[in-house]
Peer 1: 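Let me give you the structure first, and then I'll get to my questions.
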Protein chains: 2
Amino acid sequence: MSEATYFILAALLDGPLHGYGIIKRAGEQSDGRVRPAVGTLYGALDRMAAGGLIAVDREEVVDGRPRRYFRVTDDGVAAVTKEAARMAAAASLVRLRPVHP
Amino acid sequence: MSEATYFILAALLDGPLHGYGIIKRAGEQSDGRVRPAVGTLYGALDRMAAGGLIAVDREEVVDGRPRRYFRVTDDGVAAVTKEAARMAAAASLVRLRPVHP
DNA sequence: AACATATATATCGAGTGTCGAAGTATGCGA
DNA sequence: TCGCATACTTCGACACTCGATATATATGTT
């Protein structure tokens with residue numbers, strides 16, 4: 001799983017969001033460090049929808065602008081949880097590394 | 001920093017290694033989950049050497065086969081440490097997420 | 001003896017993912 | 001009125017990863 005995919009799924013864990021909302025949420029959740037580009041977002045969204053990790057929740061029109069809300073599926077929750085464990089393990093590799101004097 | 005880059009740097013933290021040794025070490029350190037392909041390895045090695053994260057430690061010939069040992073530089077240690085912190089934070093995003101009943 | 005596997009490096013093309021720009025459109029604040 | 005934030009889509013350029021290929025030796029397996 002790519003990092004963009006991970007942050008997009010993480011952004012959806014608190015409830016359905018539309019594309020632009022996901023970008024903002026990812027930025028908030030990472031203190032501004034991760035801001036997926038639009039091209040990245042919609043590509044990842046398409047792939048994840050095809051893979052069953054997310055689904056279109058609903059479509060609205062607000063102020064004449066369309067909004068597509070996505071929600072994470074059970075498979076998506078499982079995938080992002082597994083990925084978080086994998087990342088934590090990878091981080092420990094360096095962070096908890098034995099000292100070599 | 002890509003994941004391959006991260007695992008290659010992590011593999012070098014315990015001392016200089018040659019290319020093939022890095023692939024094996026990455027596999028060991030990740031319980032077989034990460035095995036960079038040769039193409040990935042040499043590409044990453046070139047990029048990191050150009051970026052000053054690693055350097056050629058020495059070159060040997062063992063059993064008629066050449067070996068190039070790489071070592072991580074101070075910049076490389078700093079980079080991989082920073083990346084580990086970033087990954088741990090990203091993992092916490094999902095792992096320590098507040099419960100939404 | 002023949003074959004597969006492991007060790008070891010290098011390169012190349014194919015595929016995938018990421019980025020930023022461009023295009024389209026509205027509302028709001030300076 | 002100008003610029004910025006909001007909002008979606010598509011496109012080309014670029015970077016990264018993979019696996020195959022090439023080359024070569026040693027060891028283990030059938």
Side-chain angles (χ1 to χ4, degrees), chain A residues 1-12 16-28 30 32-51 53-71 79-80 83 86 90, chain B residues 1-12 16-28 30 32-51 53-71 79-80 83 86 90:
Chain A
M1 182 184 291
S2 74
E3 186 147 62
T5 301
Y6 177 80
F7 275 98
I8 291 168
L9 279 179
L12 290 176
L17 272 178
H18 50 93
Y20 202 79
I22 293 171
I23 294 178
K24 283 191 299 177
R25 172 81 80 167
E28 289 164 19
S30 64
R33 284 187 295 271
V34 178
R35 299 268 307 186
V38 285
T40 305
L41 176 78
Y42 291 106
L45 245 27
D46 288 346
R47 281 193 299 278
M48 286 194 276
L53 300 185
I54 61 171
V56 175
D57 192 65
R58 65 188 187 280
E59 303 195 35
E60 289 178 357
V61 176
V62 178
D63 292 330
R65 294 187 292 272
R67 272 188 189 165
R68 274 165 56 210
Y69 282 82
F70 295 88
R71 61 179 167 77
V80 76
E83 181 67 12
R86 215 182 60 76
Chain B
M1 181 184 290
S2 74
E3 186 145 62
T5 301
Y6 177 81
F7 275 98
I8 291 168
L9 279 179
L12 289 176
L17 272 178
H18 50 93
Y20 202 78
I22 293 171
I23 294 178
K24 284 191 298 179
R25 172 81 80 166
E28 289 164 19
S30 65
R33 284 187 295 271
V34 178
R35 298 268 308 183
V38 285
T40 305
L41 177 77
Y42 290 106
L45 245 27
D46 288 348
R47 281 192 299 278
M48 287 194 276
L53 300 185
I54 61 171
V56 175
D57 192 66
R58 65 187 187 280
E59 304 195 35
E60 290 178 357
V61 176
V62 178
D63 292 330
R65 294 186 293 272
R67 272 186 189 167
R68 273 166 56 211
Y69 282 81
F70 295 88
R71 61 178 167 78
V80 76
E83 181 66 12
R86 214 182 60 78

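So that the names make sense, note that chain A is the first sequence line, chain B the second, and so on, each numbered from 1. Predicted, not measured: the structure shown is a model, and the values here were computed from it.
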Peer 1: What does A:G19 touch in the nucleic acid at a heavy-atom separation under 4.0 angstrom: a base, only the sugar-phosphate, or nothing?
Peer 2: sugar-phosphate
Peer 1: Which heavy atom of B:Y6 sits nearest a heavy atom of A:A90, and at what distance?
Peer 2: OH-O, 2.6 Å
Peer 1: According to side chain to side chain donor-acceptor pair (under 3.5 Å), does anything in residues 35-44 of chain B pair up with another residue at least two apart or in another chain? List the pairs.
Peer 2: none
Peer 1: Quick check on C:dT18: is either OP1 or OP2 less than 4.0 Å from any side-chain nitrogen or oxygen of A:R47?
Peer 2: yes
Peer 1: Can you tell me if B:S2 touches the phosphate of D:dA15, counting only side-chain N or O atoms and a distance under 4.0 Å to OP1 or OP2?
Peer 2: no
Peer 1: Rounded off to whole Å, could you give me the CZ-to-P distance for the B:R25 and C:dA6 pair?
Peer 2: 19 Å
Peer 1: Whole-Å distance between D:dT9 C1' and A:E59 CD?
Peer 2: 13 Å
Peer 1: Could you tell me how far apart A:E3 (CD) and D:dT17 (C1') are, to the nearest whole angstrom?
Peer 2: 16 Å
Peer 1: Looking only at the side chain of B:P66 (C-beta and beyond, no hydrogens), which of the listed nucleotides D:dT9, C:dT9, C:dC19 gets closest?
Peer 2: C:dT9
Peer 1: Taking only side-chain nitrogens and oxygens of B:R35, does any of them come within less than 4.0 Å of OP1 or OP2 of D:dC18?
Peer 2: no
Peer 1: Applying side chain to side chain contact (heavy atoms under 4.5 Å, CB included), can you list everything that pairs with B:R58, at least two apart in sequence or on another chain?
Peer 2: B:P16, B:E60, B:Y69
Peer 1: Between A:A44 and A:I8, what is the shortest heavy-atom contact and its length?
Peer 2: CB-CD1, 3.6 Å
Peer 1: Would you please test B:V80 and B:L12 for side-chain contact (heavy atoms from CB on, under 4.5 Å) and show each step?
Peer 2: CA-CA 10 Å; B:V80 76; B:L12 289 176; over 6 Å; no
Peer 1: Please compare B:K24 and B:V38 by the position of their nearest nucleotide in DNA chain C and report the one closer to 5'.
Peer 2: B:K24
Peer 1: With respect to the side chain of A:Y42, which nucleotide from C:dG20, D:dT10, C:dA10 is positioned closest?
Peer 2: D:dT10
Peer 1: Report which part of the nucleic acid B:A44 touches: base, sugar-phosphate, or nothing (heavy-atom distance under 4.0 Å, all strands).
Peer 2: nothing
Peer 1: Which nucleotide sits closest to the side chain of A:T40: C:dT11, D:dT17, C:dC19?
Peer 2: C:dC19
Peer 1: What is the distance, to the nearest angstrom, from the OH atom on A:Y20 to the P atom on D:dT6?
Peer 2: 5 Å
Peer 1: Roughly how many Å is it from CD in B:E28 to P in C:dT7, rounded to a whole number?
Peer 2: 10 Å
Peer 1: Can you tell me how far P of C:dT18 sits from CG of A:L45, to the nearest Å?
Peer 2: 12 Å
Peer 1: Using whole Å, what does the distance between atom P of nucleotide C:dT18 and atom CE of A:M48 come to?
Peer 2: 9 Å
Peer 1: Measure the distance from CG on A:L41 to P on C:dC19 and round it to the nearest whole Å.
Peer 2: 10 Å
